Amino acid sequence: MRPEALEQYNKALKAGQRYYKDAIGAGSSPYLPVLDEIVDESRVAARMELGVINIPLSLVAGTKSAGRTTALAGNFMPLLPPDSEFAAKWTLLCNAHLSDEGISDPIRCFEYMGRFYVQEGNKRVSVLKSYGNPVIAANVTRLVPQYSSDPAVQVYYEFMQFYALSGLYGIVLRQQGQYARLQAALGLDEDYVWNQWEQRSFSAGYSHFCQAFEKVNTEQADITPAEALLVWLKVFSFSDVKELPLPELTKKLQVLWPDIKAQRQKAIAVIPEPEEKGQNILSKLLNMGHSEHIKLAFIYGFDPKTSAWTRAHDHGREYLEEKLGDKVRIKVYQVQDKDYYGAMEQAVQEGAKLLFATTPSMIGACRRIAAQYSDVKVLNCALSLPYTGVRMYYSRLYEAKFITGAVAGAMAKEDVIGFVSNYPIMGVPACINAFALGVKLTNPRARIKLRWSCVEPQPVQELIESGVTVISNRDATNSKNPHWALEWGTYRLQEDGSLLPLVVPCWDWGKLYEKIVLSIFNGSWNSVPESRAINYWWGMKSGVIDVQLSDTLPDGVLSLAKILKQGIINGSVDPFHTRIVDQQGVERSDGSRSFSPEEIMTMDWLCDNVEGSIPGYDELIPPARELVRLLGVYRDSIPPQKEEKQL
């Protein structure tokens, strides 16, 4: 077998020489990293002997010391000529690998921050890497870095906890909380210790997944297979990974690939306004006998008879049918027992090509449908979710809240105004802050007493009992018939106990649905790249959000509100284009710039005239937790929820 071993050495030598040449050309070191030059022993918190284990060769990154580093390139391939002593020893090891004997002696190495550095056995590593072997036996000493605020160190400590439970190397995740999310996604408790069968089952499936990953990641994107698996497990199961043939697994992973990249890049394309083509295309459709139509489905999580939220969307459906007539074929699917996927699957089987999922909790089913049916357009009523296969839609409610704040400030006899918020989710702090800035516009002395309906059972009553008379509560769900009552809008309590309505923000989902459907007919649906996650976030200019002003308002206040509304519509008024200081005294804006949509959407701070805070997850009443886990301002810090066991 010696000729074959010599041939293998020559192949490896060419690979080493290529690496060397490329590294020199790029201005980087062509040799292996040296652990002694990377790690300061004074910064090592502990040494842990892990014993002999199989380690992934892909994670063997360098050598322990600098001795004979010129013999190997940075990819562990040889650099010395075939007639050298090094080459002779290398080929002898190659002979052993090709024989029945094999390379059985474990190497000696150190592990630091998830990478391995060889003390004894560099040539064994080189031979096995040249053949593409996945693992090698190694006697491992772990060097534990001192804990610090460095995110990489914090993630490594999370890995050590995961390793203590799973006994697995090679699962590379790089963001805090991801190891815990993987444990939960596999249906395991946070402190569950894997048995040998579970280790083997996962390793076999993960190896299969990595093969598909390599076929899909042709662009060599900065994504690890484990990061891709986390996205996969939100749509499909780990059983699918183990059972699907490689071509089918690769095909499904290819469908999810844009989502995987978007998760890593957090790439969300916010569409702030619809393209102004609606009226023209509507005229062509209705007045010129255009025969094209689209079949679409509305998926309801609640009964419109009992849910104001769903009733508002149902009004939008009725508006869409009225405006577009026989150009749309609409069917409503009422979900039973939270079987969102079943309702959507039925809609698709019955010919629906456009799905409107009206509650954020349907996002998992939406993603699964989008991955299975590339010809079906799927939208979910949510905000700030980076999924390319499903488009999100919502409205910029903060614009209306700014106007209500200005009205509340002008109408408050005291310098205290109540504000009842619903959930600490994306976009809500912007609504609170816009209201506070509106109040400051008309009453700079006033303070905002913030309460949360997802925390307190009776926040309005608590505000009233504390002496607050002007309160901003929930928003009306129907722009045509706003509800003037304690649970809706902004109002002032009179001395005789009667209610004086002031102003209420109103949704008009029908106009949003109309414009989205027309975007399909006029082609603007396809004007954004498929590689971006699309969030429609439309404001007052589009007509999907409005304010209803009470006829009890004084003329001056009424005129001011109308001026602010027109200014927001034409762009001359921006609620956040002013000097803003938060509760901690930090200047968030000096007034010289506008905030980007992303900055507004992801606000997690409150203005200095707000008394109150954003509640933590543990403070919420149980029914609110599912939504906050999905869309919460601090969702990345919420402990993951265990799924059904998959190992």
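Just the heavy atoms: all of them, side chains too, but no hydrogens, waters or symmetry mates, feed the values below. Bear in mind that the values here come from a model prediction, so they are computed numbers and not experimental data.
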Could you tell me the separation between the [atom1] atom of [X] and the [atom2] atom of [Y], rounded to the nearest 0.5 Å?
| X | Y | atom1 | atom2 | result |
| --- | --- | --- | --- | --- |
| Glu318 | Ile330 | CD | CD1 | 10.0 Å |
| Leu512 | Leu379 | CG | CG | 8.5 Å |
| Leu493 | Leu500 | CG | CG | 9.5 Å |
| Glu227 | Ile260 | CD | CD1 | 10.0 Å |
| Ser594 | Ile600 | OG | CD1 | 8.0 Å |
| Asn526 | Lys377 | CG | NZ | 6.0 Å |

Using a strict threshold of under 4.0 Å (side-chain N to carboxylate O), is an ion pair present between [Y] and [X]?
| X | Y | result |
| --- | --- | --- |
| Asp314 | Arg317 | yes |
| Arg588 | Asp582 | yes |
| Arg625 | Glu619 | no |
| Arg174 | Asp222 | yes |
| Arg593 | Glu599 | yes |
| Glu273 | Arg396 | yes |
| Asp546 | Lys565 | yes |

Which atom of [X] lies closest to which atom of [Y], heavy atoms considered:
| X | Y | result |
| --- | --- | --- |
| Glu158 | Gly177 | OE1-N, 2.7 Å |
| Gly389 | Asp259 | N-OD1, 3.5 Å |
| Tyr387 | Ala533 | N-CB, 3.5 Å |
| Thr552 | Pro501 | OG1-O, 2.8 Å |
| Gly612 | Leu606 | O-CD1, 3.8 Å |
| Leu233 | Ala185 | CD1-CB, 3.9 Å |

Looking at [X] and [Y], would you say the former's side chain and the latter's main chain have a donor-acceptor pair under 3.5 Å?
| X | Y | value |
| --- | --- | --- |
| Asp496 | Ser498 | yes |
| Trp537 | Ser395 | yes |
| Ser559 | Gly556 | no |
| Gln583 | Val610 | yes |
| Glu399 | Met540 | yes |
| Asn380 | Met392 | no |
| Asn609 | Arg447 | no |

Heavy-atom check, side chain of [X] versus side chain of [Y], under 4.5 Å:
| X | Y | result |
| --- | --- | --- |
| Pro304 | Gln334 | yes |
| Lys305 | Arg311 | no |
| Tyr333 | Leu355 | no |
| Asp590 | Glu587 | yes |
| Ile471 | Ile464 | yes |
| Tyr634 | Ile614 | yes |
| Trp605 | Asn433 | yes |
| Phe576 | Leu437 | yes |

From CA spacing to verdict: ring-ring contact (aromatic ring centres under 6.0 Å, His included), Trp507, Tyr394: CA-CA 10 Å; Trp507 309 81; Tyr394 212 70; 5.4 Å; yes
[X] and [Y]: side-chain donor and acceptor closer than 3.5 Å?
| X | Y | value |
| --- | --- | --- |
| Tyr617 | Arg629 | yes |
| Gln494 | Arg492 | yes |
| Glu514 | Tyr319 | yes |
| Ser148 | Asp150 | no |

Regarding Arg391 and the six-membered ring of Trp525, is the cationic atom NZ or CZ under 6.0 Å from the ring centre and inside 45° of its axis?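 Yes, a cation-pi geometry.
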Distance-only check: which donor-acceptor pairs under 3.5 Å involve side-chain atoms of residues 402-420, not counting sequence neighbours?
residue : atom : partner : partner atom : Å
Thr404  : OG1  : Lys401  : O            : 2.8
Glu414  : OE1  : Thr469  : OG1          : 2.7
Glu414  : OE2  : Thr469  : OG1          : 3.4
Asp415  : OD2  : Arg445  : NE           : 3.4

Do Tyr157 and Tyr147 have their ring centres less than 6.0 Å from each other? yes
Can you tell me which residue among Tyr536, Tyr513, Trp538 is in a side-chain hydrogen bond (donor to acceptor under 3.5 Å, both in side chains) with Tyr393? Tyr513
Please list every donor-acceptor pair under 3.5 Å in which a side-chain atom of residues 450-460 meets a protein atom from a residue at least two apart or in another chain.
residue : atom : partner : partner atom : Å
Arg451  : NE   : Glu462  : OE1          : 2.8
Trp452  : NE1  : Ser613  : O            : 2.8
Ser453  : OG   : Ser421  : O            : 3.3

Given side chain to side chain contact (heavy atoms under 4.5 Å, CB included), test Ile294 with Lys327 step by step and report yes or no. CA-CA 6 Å; Ile294 187 169; Lys327 304 308 173 187; over 6 Å; no
Given the rule in the side chain to side chain contact (heavy atoms under 4.5 Å, CB included) test, do His313 and Cys381 qualify, once you have shown the distances and angles that lead to the verdict? CA-CA 10 Å; His313 287 278; Cys381 188; 3.7 Å; yes
Any chance you could lay out the side chain to side chain contact (heavy atoms under 4.5 Å, CB included) test for Asn473 and Thr490, step after step, and finish with the verdict? CA-CA 6 Å; Asn473 202 350; Thr490 299; over 6 Å; no
Stepwise side chain to side chain contact (heavy atoms under 4.5 Å, CB included) check, Val628 with Ile638: CA-CA 9 Å; Val628 173; Ile638 298 173; 4.1 Å; yes
